[in-house]
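Below: one structure, written as structure tokens.
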Amino acid sequence: MPIDAHNDNVTSLPSLLYISRDGEEIVGRAAADTFIERNVDREVLVRAVSLGVHIDGYVGGEMDNEYGGSVRKDGNDMTEAVTARAMVEINAPGRLFQSLKTSLRMREFTGTEVFGIQFQIEQLVATILKRIKSTADEAAGRSVETAVFGRPVRFSLRPEEDQAAQRRLETAARLAGFKDISFFYEPVAACVDYAIRTDQKQRLMVVDIGGGTFDVCIMEFGGASTAASRLSESRILSVSGIPVAGDAIDHEIVRSKIFPCLGSRARYGPAQLRLPQFVFNSVVDWQNLYKLNTEETINWLIAAEASSEQGDRIRALRTLIQRNCGYPLAREVEAAKRRLSDVTETEITFERTDIHLHERLERQEFSHIIEHMIERMKESLIEAERAAGIKPDSLDLVLTTGGTSLIPAVRQMLGERYGHERLQHRDTFTSVAAGLAVVAQYA
Ligand SMILES: Nc1ncnc2c1ncn2[C@@H]1O[C@H](COP(=O)(O)OP(=O)(O)OP(=O)(O)O)[C@@H](O)[C@H]1O
Ligand SMILES: [Mg+2]
């Protein structure tokens, strides 16, 4: 049943939300299209308003990266105390929310103001869930009130954040009208989907690498003849996961390949200073890029431009900020990353007035850039093997799913560890969602 007519795959709904100034809520692919149409390439005006209080502002989804070094700490969140001041975009036609699932685990991000109205994170998520519910209601011909929600093994490495994320998701589900709500690990769901189709006794690993999380599950099947007994005779040996996947990989490409094109290595002024890190953090965290659009920052960038040998790069950065182009740039980077799963080299191209970005990226260099993340994925796999008490060569099959598992460097790591002949790829949407449906039916 179609759920998003604007999406390439109409049976899946990207979790994107656009709220316009007059309160219109647009969900799914159309949210991104509307944002690009209305918000991008338009001069942004911001004003600093005094809040009169001390708040914790969400700054970015990941830790800073020190320039030059690829050593990364864990992918946890970073917050910054913001005292009594906030930047408000005064002429924005609307706001786009992406990666709300990631925001669920950020306890500091309780919600946000959208044109004077305070929205809780649960409300934002509920708006998306309502579309899912109404589609289900229509398909069933009645109000669907029972739902099994898939969840990553770890929303966050911090237990309190992990629990908070599930609680918030449950509240959002209630707001959307669901009453009987349960949760199930997504990689286990993918295992279940496979389990009910096979009458062979075997040991399976599912690795699901999506946008926000890396998840793994090891399961053993009894090889019974009926679907119900296949389920009752299967055993979950272990699960593991980390909140590092496709989005974090995109950010890493931006850091390595895009930052230098925007002047991260430029020196300016008589003291030959470098531009501060927070400016570049906002390029990665494009949803907050508009906040840099203050007279003070822009004037300072103009001065830096005039006094730097890399003035054209700093101008590109300033234009990116002033024209609110962070999101289309992020999309271009993601598209280039996806192309590298099929070809061995590509170009990241971004052309706008005063921005002329053409960066070649070879697959080999890309693999190198994300090496430390692949290492962390491997550690999570080892944790799952240990918890299950098994050796890598005792698995019969390793099923990969999720967009990020298509990256050649990821497949290479999995192939080296488990044997290329044991790797098989499955479509994410069908395996996780179908597994959850089976769980809902038999549980
Ligand atoms: N061909 C490809 N090569 C590399 N990466 C890809 C490819 N296709 C999609 N991706 C990446 O996969 C991710 C999306 O995967 P998927 O749809 O499985 O995630 P999701 O289920 O929405 O996220 P999550 O499971 O973390 O909640 C994105 O980061 C996207 O850029
Ligand atoms: Mg997924």
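Numbering of ligands and ligand atoms starts at 1, following listing order. Side chains are part of it too, since the values below use all heavy atoms of this structure and drop only hydrogens, waters and symmetry mates.
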Looking only at distance, does G403 have an N or O less than 3.5 Å from an N or O of ligand 1? yes
What I want to know is whether T213 and ligand 1 share at least one N or O pair that is separated by under 3.5 angstrom. yes
Step through the shown structure and confirm whether more than 12 heavy atoms of other residues, nucleotides or ligands are within 6.0 Å of NZ on K133. yes
Within ligand 1, which atoms have a heavy atom of G246 less than 4.0 Å away? 29 (O)
Could you name the option among E186, R338, R339 that has the heavy atom nearest to atom 9 (C) of ligand 1? R338
Has ligand 1 got any nitrogen or oxygen that is less than 3.5 angstrom from a nitrogen or oxygen of I209? no
Of G150, S341, G241, the one whose closest heavy atom lies nearest atom 3 (N) of ligand 1 is S341
Heavy-atom distance to atom 29 (O) of ligand 1: which of K337, K101, R331, R151 wins? K337
Please list, chain by chain and in numerical order, all residues satisfying side-chain hydrogen bond (donor to acceptor under 3.5 Å, both in side chains) with R29, sequence neighbours excluded. N7
Looking at G211, which atoms of ligand 1 are within less than 4.0 Å of one of its heavy atoms? 13 (C), 14 (C), 15 (O), 19 (O), 20 (P), 23 (O), 24 (P), 26 (O), 29 (O)
Taking the side chain as everything from C-beta on, heavy atoms only, tell me whether R154 gets closer than 4.5 Å to S240. yes
Any carboxylate oxygen within less than 4.0 angstrom of a Lys/Arg side-chain nitrogen, looking at E345 and R360? yes
Please could you name the atoms of ligand 1 that I407 approaches to less than 4.0 Å, counting only its heavy atoms? 4 (C)
For residues F97 and Y18, establish whether the separation of their ring centroids is below 6.0 Å. no
Heavy-atom donor-acceptor pair, R315 side chain to D354 backbone, under 3.5 Å: no
Heteroatom distance test (D250, ligand 1): nitrogen or oxygen, under 3.5 angstrom: no
Donor-acceptor pair between R318 and Q322 side chains, under 3.5 angstrom: yes
Short side-chain donor-acceptor distance under 3.5 Å, T400 and R411: yes
What atoms in ligand 1 come closer than 4.0 Å to a heavy atom of G402? 18 (O)
